[in-house]
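Letters A, B, ... mirror the listed sequences (proteins, then strands); counts begin at 1. These values consider heavy atoms only, across backbone and side chains, with no hydrogens, waters or symmetry-generated copies.
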There are 2 protein chains.
Amino acid sequence: MVGVDLVLEAVGEPNRRRLLELLHQQHESTVSELVRASGLNQPQVSKHLKVLASAMLVAVRAEGRHRHYRLDGAGLQAAHDWFASFDDVWNARFDALDELVSTDPESSAT
Amino acid sequence: MVGVDLVLEAVGEPNRRRLLELLHQQHESTVSELVRASGLNQPQVSKHLKVLASAMLVAVRAEGRHRHYRLDGAGLQAAHDWFASFDDVWNARFDALDELVSTDPESSAT
DNA sequence: CTATTGCATTCCTCGTGAGGAATATATAAA
DNA sequence: TTTATATATTCCTCACGAGGAATGCAATAG
């Protein structure tokens with residue numbers, strides 16, 4: 001399992017989110033391509049990618065002197081699951097209330 | 001719609017995540033209760049709650065000299081949706097690959 | 001071989017953000 | 001009224017993290 005702490009700290013940075021979104025469109029990109037697409041300098045891109053990789057948000061594939069980066073589902077899903085654990089909040093499921101009134105299913109008047 | 005930037009920056013902080021999880025268990029808590037449960041000092045809790053509130057992650061209800069905080073689904077769902085937009089990554093849908101190799105399904109040697 | 005390209009890494013500076021202490025503010029109690 | 005409680009806010013310090021510049025390093029080109 002992936003540490004959600006690393007993931008959420010990594011995605012807290014706006015430029016890293018931009019890189020993730022660029023990678024989402026391109027499926028796979030070299031560092032040079034990300035530099036051009038993001039407008040960031042090459043060292044910054046490499047450093048951000050390093051952070052993303054240690055959070056299992058991206059994976060690398062070496063090919064010659066090129067490095068092909070792609071999204072890694074592990075980190076993304078870890079963060080997704082963490083927020084999903086709160087889904088009862090916005091789903092407004094009145095479980096406790098439902099249990100309280102479950103003995104009286106007739107009381108469903110508006 | 002809630003700004004996902006504010007939300008993801010807010011949840012990037014570990015103690016703020018702890019507060020969110022505490023609020024998730026308690027449904028509603030005063031600042032004092034969160035201070036006791038989190039081990040943080042009162043000013044830090046108030047400051048973190050302020051950040052969480054501006055990201056629509058918590059909502060407040062004033063009652064006498066107490067402030068009752070509870071989770072706000074708006075911010076939580078915004079972050080959830082942002083990660084959900086990447087679900088094709090971990091669902092491992094090889095659409096493009098599938099299209100490329102669809103003429104040769106036998107080539108799956110190790 | 002040397003030169004060049006693609007990327008990673010190091011060093012430095014600076015801004016920002018988190019924590020601590022003290023204080024301000026508001027509401028309730030006496 | 002004075003006092004106590006609950007919370008917010010201000011000020012300060014400090015550490016960490018992001019960006020820039022320069023450099024290192026590996027792989028291809030010539």
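- Here the C1' atom of nucleotide dA18(D) and the CG atom of Leu49(A) are 15 Å apart, to the nearest Å.
- Ring centers of Phe86(A) and His24(B): under 6.0 Å apart, within the cut-off.
- Which of dA8(D), dA18(D), dG20(D) sits closest to the side chain of Arg16(A) comes down to dA18(D).
- Residues of residues 53-74 of chain B having a heavy atom closer than 4.0 Å to DNA chain C, listed by number: Gly64(B), Arg65(B).
- Across all strands shown, Lys47(A) has heavy atoms under 4.0 Å from base atoms, whether or not it also approaches the sugar-phosphate.
- Whole-Å rounding puts the Gln44(B) CD to dC12(D) C1' distance at 13 Å.
- The aromatic rings of Phe83(A) and Phe83(B) lie parallel to each other, with less than 30° between the two planes, well short of the 60° mark.
- Distance, Asn41(A) CG to dA21(D) P: 7 Å, rounded to whole Å.
- The interatomic distance linking Glu9(A) (CD) with dG17(C) (C1') rounds to 13 Å, in whole Å.
- Contact annotation: Lys50(B) side-chain N/O to dA8(D) OP1/OP2 distance is not under 4.0 Å.
- A donor-acceptor contact under 3.5 Å links the side chain of Gln42(A) to the base of dA8(C).
- In this structure, of dA8(C), dA18(D), dA22(C), it is dA22(C) that holds the atom nearest to the side chain of Pro43(B).
- Under 4.0 angstrom from either OP1 or OP2 of dG19(D) there lies at least one side-chain N or O belonging to His48(A).
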